[in-house]
Amino acid sequence: MEKFILVIFGASGDLAWRKLMPALYTLHQQKLLPETFKVLGVGRMAMTDETFRAKTIDGLSQFVPKSKYSDEDARNFATNLHFQSMDTSEVNDYAELKTRLESLSDSLACEANYLFYYATPPLMYTTITHHLKAHNLTCQDSGWKRVIIEKPYGHDLASALELTKELSQAFAEDQIYRIDHYLGKETVQNILVTRFSNSIFEPLWNHNYIKYVEITSSEALGVGSRAGYYDTAGAMRDMVQNHLLQLLAIVAMEPPTTADGNAIRDEMVKVFQSLRKIKEEEVPQYVVRGQYTESQIHGETIKAYRQEDGIAPNSKTETYMAMACYIDNWRWSGVPFYIRTGKRLPTQVTEIVIHFKSNPHRIFAQKDGLTDAGNQLIIRIQPDEGLLLKIGMKVPGAGFQVDKVGLDFHYSSLTDHYIPQAYERLLCDCIQGDSTLFQRNDAVEATWKFVQPIIDAFANPRKNPIYGYAAGTWGPERANQLLAKDGFEWRYPCKNLASDGVYCEL
Ligand SMILES: NC(=O)c1ccc[n+]([C@@H]2O[C@H](COP(=O)([O-])OP(=O)(O)OC[C@H]3O[C@@H](n4cnc5c(N)ncnc54)[C@H](OP(=O)(O)O)[C@@H]3O)[C@@H](O)[C@H]2O)c1
């Protein structure tokens, strides 16, 4: 691996502190980074290299898993860290940045391989790009130059296109790494392996055998300290436009010809392009929005969203969204993909449920209370990562009665079950120039084109109301009706993959 300098704009922020530095530390500990490299943190705060190192070590001791943390390794890692105090909106500060980078390159005795990581508020992304270009810091005459863009990639279609335009004036597409950290998750990548390395699933993976698909990503926490950002984004921009649509594409894509980055991303883009457009007037039929209201959980009062610090008392931002999507292609004709996400739901879980159709003719009685005879494959992204296949089995004893049982695999049962964090994988890939798990421009554009009419419809709350749901419940009743009108129902997942139940975590 070539030596490089990683420049983190926003190095004093939450993302760098909780995710990026722990990921880099772990890569360094596992010897997945070159022997020598440099991280140049950038922020407005006045900090020396030493203060930055001490602050980083403090963060590592909190956010690196206990089994991986050692003081010695942290100190060793920190020798590679430096800090440059600058205002990224101030053009003159870039000359100093350039000088600093040249001096660090000299000390590494390497070509000017620079990886710029944008971890500032997103409004800064175009400004930083513009100034880097103006200072000739994006040109690849000597060494490579890459840029990682954190989400959100635009606030709407127009701003996403604008950002693309600005980036493309400074970087070629293969220098741009748009991050969606869900793609960095081991369990998300395992969906590809489950589908395309086993011969038993793919023949059934279509409208002939699959009734519907559910994708859930729930959080038990409320808006927390992210009020300023979240109230301008909501569940649609924060989760659906990016993470949930990425999961949908991985579940629905055609087999790529190879595991090559572009082959996989070509197939994902085709899914986005095949999503049936939801016109503004159709939004109430396909989309349900919700916002959490005050409730009592275990005797504790949980504040309503509108009572949270930093949230307007009349906020019209959704903290919950459920949606029925259709993919208009040969494989998925008529199969609904229901996606849902929300804050203050009963538990934090991300999973995909594939509901297979029942047999055409039933010859056995079902055990009392068993309503759905179809098989289910549950792909658990987090927590209790694994797979669960629900099948019918004979209830022991006289006659033939069928009950459903689960065949499950849990990552935790692997001997070495450390699951690398998404940012470890993504940073490592980017440093090696592998963009497979990053979003291409055409994918981002296609997802924004799909969601934009829905976002536009939200501007009319009389036609598209936000339904209240008590904090700690699975969202508004209206979201159940979204499935019930098709004769289906949501699974109610628990922390434990094998369990389900409406109130299991309360
Ligand atoms: N936190 C997460 O878990 C998370 C997850 C996914 C995506 N993201 C995205 O990552 C980005 C950063 O998020 P964050 O949570 O780390 O935000 P944050 O805690 O508010 O940190 C923002 C950083 O940007 C720096 N900054 C702001 N204005 C600047 C300027 N004019 N010049 C130089 N530095 C400036 C701040 O440093 P100074 O104040 O010292 O300048 C700070 O280091 C955002 O786009 C966010 O949407 C974050």
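Every value quoted in this text rests on a predicted model; they were computed, and no experiment measured them. Whatever order the structure lists them in is the order used to number ligands and atoms, beginning at 1.
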If you apply the rule salt bridge (charged side-chain N to carboxylate O under 4.0 Å, His left out), what do you find for E351 with R380, and how did you get there? CA-CA 4 Å; E351 69 172 28; R380 179 57 77 88; 3.1 Å; yes

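- Against a heavy-atom cut-off of under 4.0 Å, P122 is close to the following atoms of ligand 1: 45 (O).
- For M124, no nitrogen or oxygen atom sits less than 3.5 Å from a nitrogen or oxygen atom of ligand 1, counting backbone and side chain alike.
- A heavy-atom distance below 4.5 Å is found between the side chains of L97 and L132.
- Those atoms of ligand 1 with a heavy atom of M45 less than 4.0 angstrom away are 40 (O).
- Checking D429 against Y177 by side-chain atom types alone, no donor-acceptor pair falls below 3.5 Å.
- Contact check for R425 versus Q189: side-chain heavy atoms found under the 4.5 Å cut-off.
- Residue G13 approaches ligand 1 through these ligand atoms, each under 4.0 Å from one of its heavy atoms: 16 (O), 19 (O), 21 (O), 42 (C), 43 (O).
- Short contacts between ligand 1 and P152, defined as distances under 4.0 Å to a heavy atom of the residue, involve ligand atoms 47 (O).
- The protein non-hydrogen atom at the shortest distance from atom 36 (C) of ligand 1 is S12 OG, 4.0 Å.
- In this structure the side chain of W474 reaches within 4.5 angstrom of the side chain of S218, judged on heavy atoms.
- Of the listed options A119, P121, G43, G228, P121 places a heavy atom closest to atom 26 (N) of ligand 1.
- What sits closest to atom 31 (N) of ligand 1 on the protein, heavy atoms only, is D87 OD1, 2.9 Å.
- Among protein heavy atoms, atom 46 (C) of ligand 1 sits closest to K151 O, 3.7 Å.
- Close to ligand 1: Y125, with a non-hydrogen atom less than 4.0 angstrom away.
- Taking the six-membered ring for Trp, Y320 and Y469 have ring centres closer than 6.0 Å.
- For atom 7 (C) of ligand 1, the nearest protein heavy atom (residue, atom name, distance) is E150 OE1, 3.1 Å.
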Given side-chain hydrogen bond (donor to acceptor under 3.5 Å, both in side chains), test D384 with Y411 step by step and report yes or no. CA-CA 7 Å; D384 194 9; Y411 273 79; over 6 Å; no

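- With respect to atom 25 (C) of ligand 1, the closest heavy atom belonging to the protein is G10 CA, 3.7 Å.
- Nearest protein heavy-atom neighbour of atom 48 (C) of ligand 1: L15 CD1, 3.9 Å.
- Figure legend: cation-pi geometry between K3 and F37 absent, as NZ or CZ is not positioned both under 6.0 Å from the six-membered ring centre and within 45° of its axis.
- Of the polar atoms of V42, none of the N or O atoms is found under 3.5 Å from an N or O of ligand 1, judged by distance alone.
- Residues H82 and F52 keep their aromatic ring centres 6.0 Å or farther apart.
- Nearest heavy atoms, T350 versus S217: OG1-OG, 3.1 Å.
- Heavy atoms only, all atoms of each residue included: T341 and A235 are closest at CG2-CB, 4.1 Å.
- Residue R18 places a heavy atom under 4.0 Å from ligand 1.
- Put simply, the residue from L275, L161, L157, V444 that forms a side-chain contact (heavy atoms from CB on, under 4.5 Å) with K449 is L157.
- Between A16 and ligand 1, not a single N/O pair is under 3.5 Å apart.
- Ring planes of H243 and Y182: parallel class, angle under 30° (limits at 30 and 60°).
- Every heavy atom of K19 sits 4.0 Å or more from the atoms of ligand 1.
- Annotation: atom 29 (C) of ligand 1 to nearest protein heavy atom, R44 NE, 3.5 Å.
- Among D180, D14, T88, the residue whose heavy atom lies closest to atom 2 (C) of ligand 1 is D14.
- Every atom of ligand 1 is numbered from 1 in the order shown, and the set under 4.0 Å from a heavy atom of M86 is 32 (N), 33 (C).
- A donor-acceptor contact closer than 3.5 angstrom links the side chains of Y153 and T164.
- In terms of polar-atom proximity, Y229 is not counted as a contact of ligand 1, lacking any N or O under 3.5 Å from an N or O of the ligand.
- Residue Y117 does not touch ligand 1, judged by heavy-atom distances below 4.0 Å.
- Of all protein heavy atoms, the one closest to atom 11 (C) of ligand 1 is T120 O, 3.4 Å.
- There is no protein heavy atom less than 4.0 angstrom from atom 20 (O) of ligand 1.
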